[in-house]
Amino acid sequence: MGFRRRCQIVAGVSIRRAMEEARKALERAGVREPRVVPTKSLAFGIVTSTSAFEEAKERGIDAMAYAEEVAARARQHTGPLLAEVRAAQPGYVNFYPDWRRFSEDVVRGVLEDVRSFLYEGLGGGEVVVEHTSVNPNKALHVGHARNVCIGDTVYRLMSKAGRRVTVLNYVDDSGAQMAELLLGFTELGFDLNPPPGMRFDEYCGDSVYVEVNRRAKVDPEIEAKRRRVAKELEERGSDAFKLSREIALRVLRDQLSTCYRLGASYDLLVRESDVVVSGLWDEAFSRLKESGAVYLADRGSKAGCWVADLSGHPVLSKEGDEVLVKSDGSTTYVARDIGFALWKLGESRTSLRFSLWDVRDGRPTYISSEEGVSLRPNSPSLVITVVDSRQRRPQEVVRYALSRIGVSADRYLHYSYEPVLLSKRSAEMLGAKAERSAVQMSGREGIYFKVEQVLDKLVEVAARETSSRRPEWPSERVREVAEAIAVGAFRYGMLKVDSDKQIVFDIEESLRLEGDTGPYLQYSVVRARKILLKAEEAGVEPSPAPSEDLTPHEMQLVREVSVAPLALEDTVKALRIRTLVTQARTLATVFNEFYESCPVIGGGPNAGFRLSLVAAYARVQEELLETLGVPVLDEL
RNA sequence: GGGCCCGUGGCCUAGCCAGGAUAAGGCGGCGGCCUCCUAAGCCGCAGAUCCCCGGUUCGAAUCCGGGCGGGCCCGCCA
């Protein structure tokens, strides 16, 4: 467990307190730089140290004998949470807790204030996170969903940790893809309104866009027309421009309804067509020129272009300099991103204007526009851009350019993740010929699973399960619960795989609701909540203090709850969502094991303690699930 | 050619960054557990050259070097 190593930074309760006790005891026992970590098995106590071993080695003395010595001395110096210190081969010093005191400390800590139990010391500062950023010409597919789930989880995480977070969605409404979509309406005669019952974003992506690309393959004139439309789009007052803005807004509205369904939320929607005319690039450009970071190429393949000088970069220099302004005077994507990065960092004098888009649950969302209030992040300590790993190079170019104009680039973070592929089986269901075990999705070819489509299927499966278990429930209730299960299963599936690993999406597999899935975690909370309810009816009095010695399952659950803050610390500091997922999953497993063997109602002398422990579990797990965006339910 | 990422039982995934005590979980397979707080759960069995070769170390899935295999990036596209 990686996060076991780095713990003593934040003082706090439960495991950290025990670790601190152990550390001090070792120090007083003569260990110079004691390092202490949670054990991975309770057989070795609650915390352990290899410091005595390492020190003995340095001094060339017998390690085990020294560990015994240290353990004997440390035993005199432990605080209230630790009861016993023992040496173990080949030189560990293990600390065993006073389980009754330790458990009480943990349970009280959680029940008093779960937020500070989990997030103490992790707050402060302002964060900007950009995610989603899907071209407004199609409905979201499962690949986009990974971005949304990661980005939204980062937002939730940072907010809970006490940071002020601004969420951005960059809407690229002025690129080639927009021109292609537009062609479908202006040249191929597609109606501006979809057939009845079809969403506009799906209509654009599934019908219009795919058809334009199909036609382009057989009709060479399409390409010429596309170029003409693209050109016309650059003129802000043109009919093409106005139409594209309208279409983009309609698609965006539908896309966002999918994002909302997934639990995401946004503060600012930034349209590229507004960024282009904002003057952000001009400002960045002149600063780049001043600092000598760009030059006008006068020969070679890039003659006539303004190019970023990458010769000073250890890696990028090997791949040639980057074109920022094309020979026709228009900017490249990377150039616009440099300007935008400057704005996100609060380092630009230029602002963007915004007007109200909508208000959801009291939270307003603004969209960039020609008029409205000027907004700009206020020098955030961190700007996170969630975008897949294929953008690593351009993102690095942006960072480098920022550093060249004196903007510290360590505040600018690319949250990279590997893309979502389709399994062979699933790709073939969509009519793709799959030679390999996984294939890339393709908007042009129509090879993708849409988020809505997957969620709807999940709802269907979950509803079937739910109504068979709860035949007495009205269909409305079933539907509501099924929706929460679907979202939980989907988000968990997107988040449980580490970001530097590809996800191979298989539709059959994704409809599973058993095993290592979102519902597994949701179910464990449902069980806990039901116990709380029934125990109260049965008159069980909660008690954070155990009234007799703990059973192994109780210890295991206490231990897992106590360690959750360490997982949170790693998740926040290293932005490793995977750590959080693993912690939530382990916690649920340990709780389920406890559940099987430790009845609360009729649980004997320790019933009151068990009740409080269950409450503590529920509080912690609810927080973790909320952070992951997995809906928490009372029943299912 | 250069750069980045991945490689753990039949399949998928943790653990690797901060090296330690029996390599963890899921799917699939086999066998058990609902008069008892919801069995979307739990228990047991079978199944692993942690891609390979070297090195560092008392100790390597984990660190270093070199290979091999797979993916991605290196556009006057975004």
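Numbers restart at 1 for each chain; the letters A, B, ... are given by sequence-line order, proteins then strands. Fair warning: this is a prediction, and the values are worked out from it, not measured in the lab.
Each of G41(B), G20(B), C42(B) was ranked by its minimum atom distance to the side chain of Arg527(A); first place goes to G41(B). For Arg470(A), counting side-chain heavy atoms from C-beta on, the closest listed nucleotide (G41(B), A14(B), U38(B)) is U38(B). Among the nucleotides G20(B), A21(B), C37(B), the one closest to any side-chain atom of Thr50(A) is G20(B). Among the nucleotides A14(B), C37(B), C43(B), the one closest to the side chain of Tyr595(A) is C37(B).
For Ser41(A) and A21(B), a side-chain-to-base donor-acceptor distance below 3.5 Å is absent, hydrogens and geometry of angles not being considered. The base of A39(B) does not come close enough to the side chain of Asn592(A) for any donor and acceptor atom to sit less than 3.5 Å apart.
Look at A78(B): it lacks any Watson-Crick or wobble partner with both distances under 3.5 angstrom. Both distances falling under 3.5 Å, in either a Watson-Crick or a G-U wobble arrangement, place G31(B) opposite C43(B). The partner of C37(B) cannot be assigned: no Watson-Crick or G-U wobble pair with both contacts below 3.5 Å exists in any strand. With both pairing distances under 3.5 Å, G20(B) is matched to C58(B) as a Watson-Crick or G-U wobble pair. Base pairing analysis places U49(B) opposite nothing; no Watson-Crick or G-U wobble pair with both distances below 3.5 Å involves it. In this entry G69(B) has C6(B) as its Watson-Crick or G-U wobble partner, both defining distances falling under 3.5 Å.
Separating the CG atom of Leu511(A) from the P atom of C27(B) is a distance of 16 Å, rounded to the nearest angstrom. Going from atom CZ of Phe591(A) over to atom C1' of C42(B) covers 13 Å, rounded to whole Å. Distance Glu537(A) CD to C37(B) P: 12 Å, rounded to the nearest Å. One atom, CH2 of Trp473(A), and another, P of U38(B), lie 12 Å apart when rounded to the nearest Å. When the P atom of C58(B) is taken as reference, atom OH of Tyr66(A) falls 19 Å away, rounded to whole Å. To the nearest angstrom, C1' of C5(B) lies 16 Å from CD of Gln395(A). In this structure, Ile577(A) atom CD1 and A14(B) atom P are separated by 13 Å, rounded to whole Å. Rounding to whole angstrom units, CD of residue Glu55(A) and P of C58(B) are separated by 17 Å.
For the pair Ser499(A) and Ala588(A), nearest-nucleotide mapping onto RNA chain B gives the more 5' position to Ser499(A). RNA chain B is contacted by both Glu418(A) and Glu593(A); Glu418(A) maps to the nucleotide lying nearer its 5′ end (nearest heavy atom per residue).
When heavy atoms are screened at a 4.0 angstrom cut-off, Val307(A) is found touching no nucleic acid atom at all. Asp321(A) comes within contact range of no nucleotide atom at all, as no heavy-atom separation falls under 4.0 Å. As judged by a 4.0 angstrom heavy-atom cut-off over every strand, Val600(A) is placed among the base-contacting residues. Across all strands, Leu636(A) comes closer than 4.0 Å to base atoms (heavy-atom distances). Residue-level contact check: Asp498(A) touches the backbone only, with heavy atoms under 4.0 Å from sugar-phosphate atoms and none from bases. Contact annotation for Ile485(A): base contact, defined as any heavy-atom pair under 4.0 Å involving a base atom. Residue Lys57(A) is in base contact, counting any heavy-atom pair closer than 4.0 Å across all strands shown.
Atom CD of Glu319(A) has more than 12 heavy atoms from other residues, nucleotides or ligands within 6.0 Å. Around atom CZ of Arg479(A), no more than 12 heavy atoms belonging to other residues, nucleotides or ligands sit under 6.0 Å away. More than 12 heavy-atom neighbours from other residues, nucleotides or ligands sit within 6.0 angstrom of NZ on Lys424(A).
Spacing of P atoms, A48(B) relative to A23(B), comes out at 13 Å, to the nearest Å. A46(B) sits 11 Å from G31(B) when the C1' atoms are compared, rounded to a whole Å. Taking atom C1' on both nucleotides, A60(B) is separated from G65(B) by 15 Å, rounded to a whole Å. Comparing G66(B) with C11(B), their C1' atoms sit 31 Å apart, to the nearest whole Å. Between G9(B) and C51(B), the distance separating the two P atoms is 8 Å to the nearest Å. Annotation: C45(B) and G7(B) have their P atoms spaced 29 Å apart (nearest Å). Nucleotides C4(B) and A14(B) place their C1' atoms 23 Å apart, quoted to the nearest Å. Nucleotides A21(B) and C63(B) have their P atoms positioned 15 Å apart, rounded to a whole Å.
Ring geometry for His141(A) versus His144(A): interplanar angle under 30°, hence parallel rather than tilted (30 to 60°).
In the model, Ser524(A) has no side-chain atom that pairs as donor or acceptor with a side-chain atom of Tyr595(A) under 3.5 Å.
Geometric assessment of Arg59(A) against the ring of Tyr66(A) yields a positive cation-pi assignment under the 6.0 Å and 45° thresholds.
Between Arg512(A) and C12(B) there is no side-chain N or O to OP1 or OP2 distance below 4.0 Å. For the OP1/OP2 pair of G71(B) and a distance below 4.0 Å, the side-chain nitrogens and oxygens of Arg436(A) include at least one atom meeting the criterion. For Lys501(A) and G7(B), the shortest distance from a side-chain N or O to OP1 or OP2 is below 4.0 Å.
Here the shortest heavy-atom pairing between Thr579(A) and Ala567(A) reads CG2-O, 3.7 Å. The two residues Asp500(A) and Asp498(A) have their closest heavy-atom pair at OD1-OD2, 2.7 Å.
Electrostatic pairing of Glu223(A) and Arg227(A) counts as a salt bridge here, judged by a charged N lying under 4.0 Å from a carboxylate O. A salt bridge is absent between Arg425(A) and Glu509(A): the closest approach of a Lys/Arg side-chain nitrogen to an acidic carboxylate oxygen does not fall below 4.0 angstrom. Taking a cutoff of 4.0 Å between a charged side-chain nitrogen and a carboxylate oxygen, Arg390(A) and Asp388(A) qualify as a salt bridge. The pair Glu54(A)-Arg35(A) fails the salt-bridge criterion, with no side-chain N (NZ, NE, NH1 or NH2) lying under 4.0 Å from an Asp/Glu carboxylate O.
Against RNA chain B, the stretch residues 513-524 of chain A makes heavy-atom approaches under 4.0 Å through Leu513(A), Glu514(A), Gly515(A), Asp516(A), Tyr520(A), Tyr523(A).
Here Tyr92(A) packs flat against the base of A21(B); its ring centre is closer than 5.5 angstrom to the base's six-membered ring, tilted by less than 30 degrees.
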Where protein sits on nucleotides 73-78 of chain B, one letter per nucleotide: B base, S sugar-phosphate only, - none, heavy atoms under 4.0 Å: SS-BSB
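Taking syn as a glycosidic angle within 90° of 0, C34(B) qualifies as syn.
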Quick one, Glu396(A) with His313(A), criterion side chain to side chain donor-acceptor pair (under 3.5 Å). Give me CA distance, side-chain angles, the key distance, then yes/no. CA-CA 10 Å; Glu396(A) 183 55 26; His313(A) 191 284; 2.9 Å; yes
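Aromatic rings of Tyr92(A) and Phe44(A) (six-membered ring for Trp) have centroids beyond the 6.0 Å cut-off, not under it.
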